[in-house]
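Here is the naming used below: chain letters follow the sequence lines, and residue numbers restart at 1 for every chain.
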Protein chains: 2
Amino acid sequence: MAKSAAVSPANASSSVAGALRSFSQHLANDGLRFTGERRTIATALFESDSHLEAEELLLRLRHAGSRVSRATVYRTLDLLVGAGLARKVRLGTDHNFFEHILGRRQHEHMVCIGCGQVIEWFDPQLARLVERNTKEQGFVAARYTVQVFGRCADCADSDT
Amino acid sequence: MAKSAAVSPANASSSVAGALRSFSQHLANDGLRFTGERRTIATALFESDSHLEAEELLLRLRHAGSRVSRATVYRTLDLLVGAGLARKVRLGTDHNFFEHILGRRQHEHMVCIGCGQVIEWFDPQLARLVERNTKEQGFVAARYTVQVFGRCADCADSDT
DNA sequence: CTGTATGCAAACCTTTTGCATCAGT
DNA sequence: ACTGATGCAAAAGGTTTGCATACAG
């Protein structure tokens with residue numbers, strides 16, 4: 001699927017390049033190196049159009065002929081999160097998902113407990129609501145996540 | 001701390017009894033047994049005034065002289081969640097917390113990344129917001145959780 | 001009595017880590 | 001060259017499971 005220097009999501013390719021540049025700079029700022037493995041992993045995440053688990057990402061890279069190790073995948077994903085270029089989210093399972101942040105506004109997830117489908121949603125009022133409640137406590141929020149579990153339209157229909 | 005048939009949170013003792021009754025009925029409905037271990041574990045959770053990890057609960061029971069096994073603690077906590085008497089929440093760490101639902105309205109959590117303190121909060125608009133957004137997708141929500149991470153008032157102050 | 005539940009310890013699974021080797025800068 | 005990065009495999013840590021034994025209904 002993902003070739004070495006893939007072209008993929010056409011309209012996103014320029015932002016992928018920009019994100020890689022940004023990642024590289026973040027690394028340099030911290031005296032860290034922009035290695036081939038890091039570029040490969042970051043690219044795979046940036047080109048993915050939704051949340052991805054570490055194992056799935058590793059599999060894709062392996063299928064594409066890359067020899068990166070599982071450890072490096074985890075280490076790099078953490079670096080991406082630290083650089084503010086990705087987000088780590090829990091969706092009810094026992095492992096994490098990662099999703100890049102490429103100019104998309106923050107969104108939350110609805111997880112269907114019937115078919116596993118994940119729907120992204122956004123409500124401008126949510127941030128305000130969180131802001132209001134944290135401020136009330138003198139709490140300085142850095143980030144927040146919302147997960148809704150239930151049944152999607154299709155699965156709800158088949159409930160008779 | 002928690003004696004065998006402790007008196008504890010005075011004002012809650014009657015609801016603890018009610019919750020135990022409810023648990024017992026749920027079990028009976030499913031052809032399951034209300035064993036001594038299940039009563040012990042459920043009581044410990046019901047008497048706890050906030051979120052508790054399985055390991056901490058096990059420790060408390062052991063200190064109180066109980067011989068329940070870790071496996072039974074996990075199995076029983078899951079039963080309680082299934083019975084709608086408890087909630088399993090993730091607060092950023094790699095393990096779950098459990099909190100009983102004894103007539104308290106649903107609340108969300110703010111976790112301080114400085115001192116680990118967890119603040120509970122509630123906003124009547126939140127449920128409406130979630131409801132509105134799920135309905136928009138034809139999604140039937142069963143439950144939702146919100147976690148906010150940041151620095152509490154004290155920790156924010158010590159940031160210079 | 002019958003079928004569940006328990007305890008124990010081993011298994012699981014994702015994520016992390018130690019260490020020798022490799023490669024950016 | 002210097003120092004950080006990688007791969008491998010083992011360790012970790014919370015949670016689950018298989019199985020023989022022990023009880024609730």
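- When the C1' atoms of four end pairs are superposed on the next four at each end of the helix from C/dC1-D/dG25 to C/dT25-D/dA1, using five pairs per end, the two resulting axes differ in direction by 40°, to 10°.
- Rounded to whole angstrom, the span from the CG atom of B/Leu58 across to the C1' atom of D/dT15 amounts to 13 Å.
- Looking at residues two or more places apart in sequence or on another chain, you find a salt bridge (charged side-chain N to carboxylate O under 4.0 Å, His left out) between A/Arg104 and A/Glu120.
- Heavy-atom neighbours of B/Arg62 CZ from other residues, nucleotides or ligands within 6.0 Å: above the threshold of 12.
- Inspection of the A/His95 and A/Glu56 side chains reveals no N or O donor paired with an N or O acceptor under 3.5 Å.
- Against DNA chain D, the stretch residues 89-99 of chain A makes no heavy-atom approach under 4.0 Å.
- If you measure from atom CG of A/Asp30 to atom C1' of D/dG4, you get 13 Å, rounded to the nearest angstrom.
- Checked against salt bridge (charged side-chain N to carboxylate O under 4.0 Å, His left out), A/Asp78 has the following partners two or more places apart in sequence or in another chain: A/Lys88.
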Open item on the list: Generate the contact string for nucleotides 19-25 of chain D. Rules: B means base contact, S means sugar-phosphate contact only, - means no protein heavy atom under 4.0 Å.
Closed with: ----BBS

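- Within the 4.0 Å cut-off from OP1 or OP2 of D/dT15, at least one side-chain nitrogen or oxygen of B/Tyr74 is found.
- The environment of A/Arg70 atom CZ is sparse: at most 12 non-hydrogen atoms of other residues, nucleotides or ligands sit within 6.0 angstrom.
- Side-chain N/O atoms of A/Arg38 include one lying less than 4.0 angstrom from OP1 or OP2 on D/dT6.
- Whole-Å rounding puts the B/Leu57 CG to D/dT15 C1' distance at 15 Å.
- Running 5' to 3' along DNA chain C, contacts with non-hydrogen atoms of chain B at under 4.0 Å begin and end at C/dG3 to C/dC8.
- The interatomic distance linking B/Leu77 (CG) with D/dT15 (P) rounds to 10 Å, in whole Å.
- With respect to the salt-bridge test (charged N to carboxylate O, under 4.0 angstrom), the residues A/Glu108 and A/Arg87 qualify.
- A salt bridge links B/Arg132 with A/Asp123: the closest approach of a Lys/Arg side-chain nitrogen to an acidic carboxylate oxygen falls below 4.0 angstrom.
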